[in-house]
Undergrad: 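Quick one: the structure is below, and I'll ask about it shortly.
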Amino acid sequence: MVLLLQYTLIFSSVLLLVALGGCVSEHSGVINLALEGIMVIGALGGALVMKFLPYTHGQSSAFVMFICVLCAAILAGVLYSVLLAFACINLKADQTIVGTALNMLGTALATVVVKSMNTAMNPDDHSSEIKYIDAKKAFLTNIGKFELNWFMIVAVIMLVIVFILLYKTKFGLRLRACGEHPQAAASVGISVFKMRWAGVLLSGLLGGLGGITYITAGVSTWKFENGVAGFGFLSLAVMIFGAWDPFRIAGAALLFGLFRALGNVYNGFAFLKALNIPSAVYNMLPYIVSLIVLAFTSKKSRAPKAEGIPYDKGMR
Amino acid sequence: MNEKKSLLRNDGFQTFVTSIICIILGLIVGWLALLIIEPSGAWGAIVAVIKNFFKYPSAPARLKYFGSTLAKTAPLIFCSLSVLFAYKVGLFNIGAAGQYCLGVALALYLAIVKQMPWFVCLVAGIVAGGVSGALCGLLKAYFNVNVVISGIMLNWISLYGTNLLLKPAMDPSGKDTFRLVNKAKQALLPTLGLDKLFSKNQYVTLAIPLAIVVAVIIWIVLDKTKIGYELKATGNNVNAAKYCGMKENRNIILTMVIAGGLAAMGGALYYLSDFEQWNVNASAVPGMGFNGIAAAFLGGLNPIGCLFSSYFITHITMGGGNVDLSHYCAQIADFISAVIIYLCGFVLFFKTVMNGWLKKSEEKKIARARAAAEEANKEGGNA
Amino acid sequence: MENQYAIEMLNITKRFPGIIANDNITLQLKKGEIHALLGENGAGKSTLMSVLFGLYQPEEGIIKKDGQVVKINDPNDANRLGIGMVHQHFKLVECFSVLDNIILGVEPNTAGFLQKAEARQKVLDLSEKYGLQVDPDAIIEDITVGMQQRTEILKMLYRENEILIFDEPTAVLTPQEIEELMQIMKGLAAEGKSILFISHKLNEIMEVADRCSVLRKGKYIGTVNIAETTKEELSRMMVGRDVEFVVAKEPAKPTDVVLNVEGMTVASKMHANNAVKNVSLQVRKGEIVCIAGIDGNGQTEFVYGISGLEPLKSGKIEFLGQDITKMPIRKRSVMGMSHIPEDRHKHGLVLDYSLENNLVLQRYFEPEFTNKAGFLKKANIRKYAERLIKEYDVRSGQGPITPARAMSGGNQQKAIIAREIDKDPKLLIAVQPTRGLDVGAIEFIHRQIVAHRDAGNAVLLVSLELEEVMSLSDRILVMYEGEIVGELDPKKTTVEELGLYMAGAKRQ
């Protein structure tokens, strides 16, 4: 039971972080379909720090390690989202094509980097894995049987920050105006380009954080060829279900996290085990649930009105 | 002079040029990446990627591997046609990867477990993909679910579903399904004697000519028929389609059925040619569907263009396997194709730049002609 | 002597490829006056205002503020100079509150955090001072158009703008709201604000303005004092000749009923109420029936109901004696119903299709254009398109193969009209068929519609333009809040009476 709670919370944290990223980007008017790729690159950034920063559990400062990993993931995610912002905002490219390309590029790039790194260190090693068993312990704290991953706390803090940012600050008001009615925002002197850049870079930050959280959820090695298994897209479903509202997104993330966690821990429940359902079914579960949920929530969409439409100064 | 100008202004020609630009830029970025990894062998590696089977000295070997490249191109052509067809109707079929899986699932299941002949397996595969496409279309038409997101969800569901269905077809000695040659000869695709043309490459089958025929059919349907006219109208402006009495929801669903069927057909044909076997513990959706997106856009969203772009992408992907593995990895080719699609997003921008440049040079020419005329006038006056 | 002009635009010339949008235009706005800018659609008014707002840079000419030459590079510069504008299409974020919209861009804040209390007080003070009633916490999409406009005005006042521009502000208002707006504008001018009032409505200009500058086809015609001029003179300046508002036509000779609507009710997509409430009417052969009303009173939904774009909640439609209430759109069209849609970009055209493909949009499935195997007969389509292009004088860059997107609005509209009238429909539904067109094109379209009536067909016209309603129709039905509130004979009624019905002040 504790295990289920633990997995639910960690997967929910991932979904929450990434969905918040999508939410910020869409409120600025850019549909960020590249979250999947951003997660991979963010995870790569964090994993590289964990691999190369010397750390011995119990001796080095866990906090310093944690901050370094956090910053690396954020930096990687933000830098990668520049590619999306530049193409979609400045060159007005199709947001779907660019997003898809960046997802493919994220996995390909991470694989190439990790493989060539592994091969350079050991000519016989052609795997795309990074191990971080020891380093990961830096941000795990055991409370009884429950293993607290510090990124769960990061997710909650981010939730509060994003809420305040969107609804209580000047920046948030302007950002949302750009996603709803960019011409209106421009008419009162707001630079739509700048706000959209900010929105996309922020989503890169949150996506990167989500990526590093994902690869530290329950495992201590990651094979980068596999990307992040559609979590970027699951997060978009969470965002839609959460109606672009941070707290509702948090609720939706918990629900989806639960279904994802079931796939990991169903063996621990006698009655589930007795049902003898193949593991593939549990693996499908979060995706099936999200399809059903989307079918019931997409009709009355509260999506920002101008999302997905490149802003053109000449258009009025 | 005039003809040259009109050629440069021709939309199809411009698309061709931008595709070439994307390819060249993509290769340059790939080369730069190789340079960063290990400068000494970078040139050799990028040449290996571009050369693919040309690296073999003997003509029969080259022919054989050319055949293999073609055999791998065929499913990609189907996937790119699937993406293209949906895109013409305004839908982004990222679910091609999942539909491809379902095509494989049904085809192999019927072939190995039920011992059905190849055409039954093929048709069943196509139907499975069509049904999955229909689901996507239904969700879009009646529940307004974003096709990209539902497509991705269906990809994962299809992947796990395929694993589940093919468990009984697994060869106990590994994780893959049985080879058809050993267990289900009746389901092998006919080669039509094509294998003999390619140095007895038994993977060169019916799939290749079929892919070309289907591409031509898609081109004809989209360009020459009433149904193509309706589908494209629906894609461009769904409100206008409704206004003039087209059944817009039916068109959306029909499109997704056809797109799903195409992707599944690719998967079924490929696995029925026995070139590859399905790994029933696969934890990632096969890249074929995503590469289909790359091929569709690189081919300028033209069915005939897709034939060439699909070949090109397969060519460099296979070439990627030939790089010096002590320094580099085969995924460099995936990296290059991802960069190429990213650049394909800029097509509009490239075209605008090109047209702006054409216009400027034209204006300059006119200005020069005018200046020359004035000059001539002046001289005339002086004389 | 102190400079008497708040803003001066001197000898402004702005060219676009192919046309001169503003040709040496001069506009001088005195402090504290209401200055009207009059001109038809396409006369260059919006280009001139875009220049003033820094959206376009003029090729020639200078702008002076209080006698000093200024450079306006973007809307921010205009804001800094105290220039504010109420756009024709409001620049309001619909899901924001009134207050949020007002402060957007000039948010009071400490360290980035919004401080709304002070702003709210300022808005309430302003709204009291100028008689602009609004609820600062109401959400824009829930309030009336009139209140939205007051929000726009408060936006300018909150920024302490001195020069206020109103771009066609009355187009969306009821006559009563227009009257209120006129009072507000006078009040603002009395407080020392300088107002530029862009309009093509002569009555309003006569009522409220002190002076009026007239543009025609990109050229400056002149500036007159309103006290010394007449409507007729202004009208002559605007169009360049005496305007004949009456369309030459014989009296109608209505015969058999073509369209019979009984108790039609259509739900609204915007709000919980029904958009069309229990409407019954008949249209006969050989008459033009016009539905008049202010925009948004259910006309759109009414037409959607008849054409089949929206299902009815209740009621019955009979067309040529047959019940078509549940009939699909295509069948209605084949039976002889044509529909010139209100929004040509939303419904009327497939913008990425060529002109010829758009011209067969309602007929592509007929044996003339599609053979039995389902292939399009492209040669026939080309021939047909060429005929329509010639007959209806549709102008475009490359003839039949021009992408519809590349055509001018007027020619797009002509293409739609050609397509719909050439079908020779028994019933022609024309919704605002002349919106955004120049005088010549309007005359042409009006002649086509009358000719279609004279050929023994029925026409259902929906129009917001009073002149068009009065001159073209044989019978007027006024729609107000989804109901038919009156039936009028254009020969026996006046624009004023019509206005009272449209505003809901009078009903039969």
Side-chain angles (χ1 to χ4, degrees), chain A residues 23-24 26-29 92 94 160-196 198-199 202 243-246 248 299-307 309-316, chain C residues 16 46-47 49-50 53-57 72-81 83-97 99-116 119 139-141 148 151-152 154-156 158-159 161 165 167 269 345:
Chain A
C23 171
V24 172
E26 296 211 357
H27 272 305
S28 79
K92 302 181 179 59
D94 184 311
V160 176
I161 291 180
V162 167
F163 174 76
I164 292 176
L165 194 67
L166 280 180
Y167 295 100
K168 301 287 171 201
T169 67
K170 172 176 130 180
F171 172 82
L173 191 71
R174 292 180 171 199
L175 187 89
R176 287 184 292 130
C178 291
E180 290 286 343
H181 195 334
Q183 285 78 20
S187 77
V188 292
I190 296 169
S191 164
V192 178
F193 275 24
K194 275 189 202 155
M195 294 317 282
R196 289 195 167 179
L202 275 175
W244 289 265
D245 173 279
R248 285 204 214 170
K299 197 96 193 183
K300 276 191 185 159
S301 163
R302 285 290 305 159
K305 285 203 185 68
E307 69 168 21
I309 307 163
Y311 174 66
D312 193 339
K313 272 187 190 165
M315 231 167 63
R316 284 194 295 159
Chain C
F16 290 112
S46 28
T47 306
M49 287 308 110
S50 297
F53 261 80
L55 293 170
Y56 297 138
Q57 296 306 313
I72 304 179
N73 289 317
D74 57 44
N76 290 348
D77 289 344
N79 272 327
R80 264 193 292 282
L81 293 170
I83 305 171
M85 178 156 170
V86 176
H87 297 264
Q88 192 179 359
H89 303 287
F90 300 151
K91 305 279 183 189
L92 296 173
V93 181
E94 294 213 323
C95 63
F96 281 14
S97 70
L99 183 63
D100 284 348
N101 267 294
I102 291 172
I103 63 174
L104 185 64
V106 288
E107 305 85 350
N109 66 87
T110 32
F113 289 92
L114 296 172
Q115 305 294 335
K116 291 191 193 170
I139 304 297
I140 294 294
E141 58 197 358
Q148 294 180 358
T151 307
E152 283 280 21
L154 279 168
K155 234 162 107 176
M156 298 192 294
Y158 184 86
R159 287 164 171 73
N161 288 334
I165 302 169
D167 186 5
K269 296 220 154 164
H345 288 173

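Every chain is numbered from 1 and lettered A, B, ... according to where its sequence line falls, protein lines coming before strand lines.
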Undergrad: Counting only heavy atoms closer than 4.5 Å, note whether Ala186(A) contacts chain C via side chain, backbone, both or neither.
TA: backbone
Undergrad: Side chain, backbone, both or neither: which part of Phe90(C) has a non-hydrogen atom closer than 4.5 Å to chain A?
TA: backbone
Undergrad: Quick check against the 3.5 Å criterion: does Arg174(A) have a side-chain atom that pairs as donor or acceptor with the backbone of Leu104(C)?
TA: no
Undergrad: Search all heavy atoms of Val93(C) against all heavy atoms of Ala184(A) and return the closest pair with its distance.
TA: CG2-CB, 4.4 Å
Undergrad: Go through the atoms of Phe113(C) and report whether side chain, backbone, both or neither lie under 4.5 Å from a heavy atom of chain A.
TA: both
Undergrad: In Å and rounded to the nearest 0.5 Å, what is the NZ to OG distance from Lys155(C) to Ser187(A)?
TA: 4.5 Å
Undergrad: Picking from Lys168(A), Lys305(A), His181(A), Lys170(A), which has the most non-hydrogen pairs under 4.5 angstrom with chain C?
TA: Lys170(A)
Undergrad: For Leu166(A), what residues pass the side-chain contact (heavy atoms from CB on, under 4.5 Å) criterion, not counting sequence neighbours?
TA: Cys23(A), His27(A), Val162(A), Leu175(A), Arg176(A), Pro246(A)
Undergrad: Take Lys91(C) and Val188(A) through the test side-chain contact (heavy atoms from CB on, under 4.5 Å) and record every step on the way to the result.
TA: CA-CA 9 Å; Lys91(C) 305 279 183 189; Val188(A) 292; over 6 Å; no
Undergrad: Mind checking what makes salt bridge (charged side-chain N to carboxylate O under 4.0 Å, His left out) contact with Asp100(C), not counting sequence neighbours?
TA: Lys116(C)
Undergrad: So, for Gly189(A) and Asn79(C), which heavy atoms are closest and what is the spacing to 0.1 Å?
TA: N-ND2, 4.4 Å
Undergrad: So how far is it from Ile164(A) CD1 to Leu114(C) CG, rounded to the nearest 0.5 Å?
TA: 12.0 Å
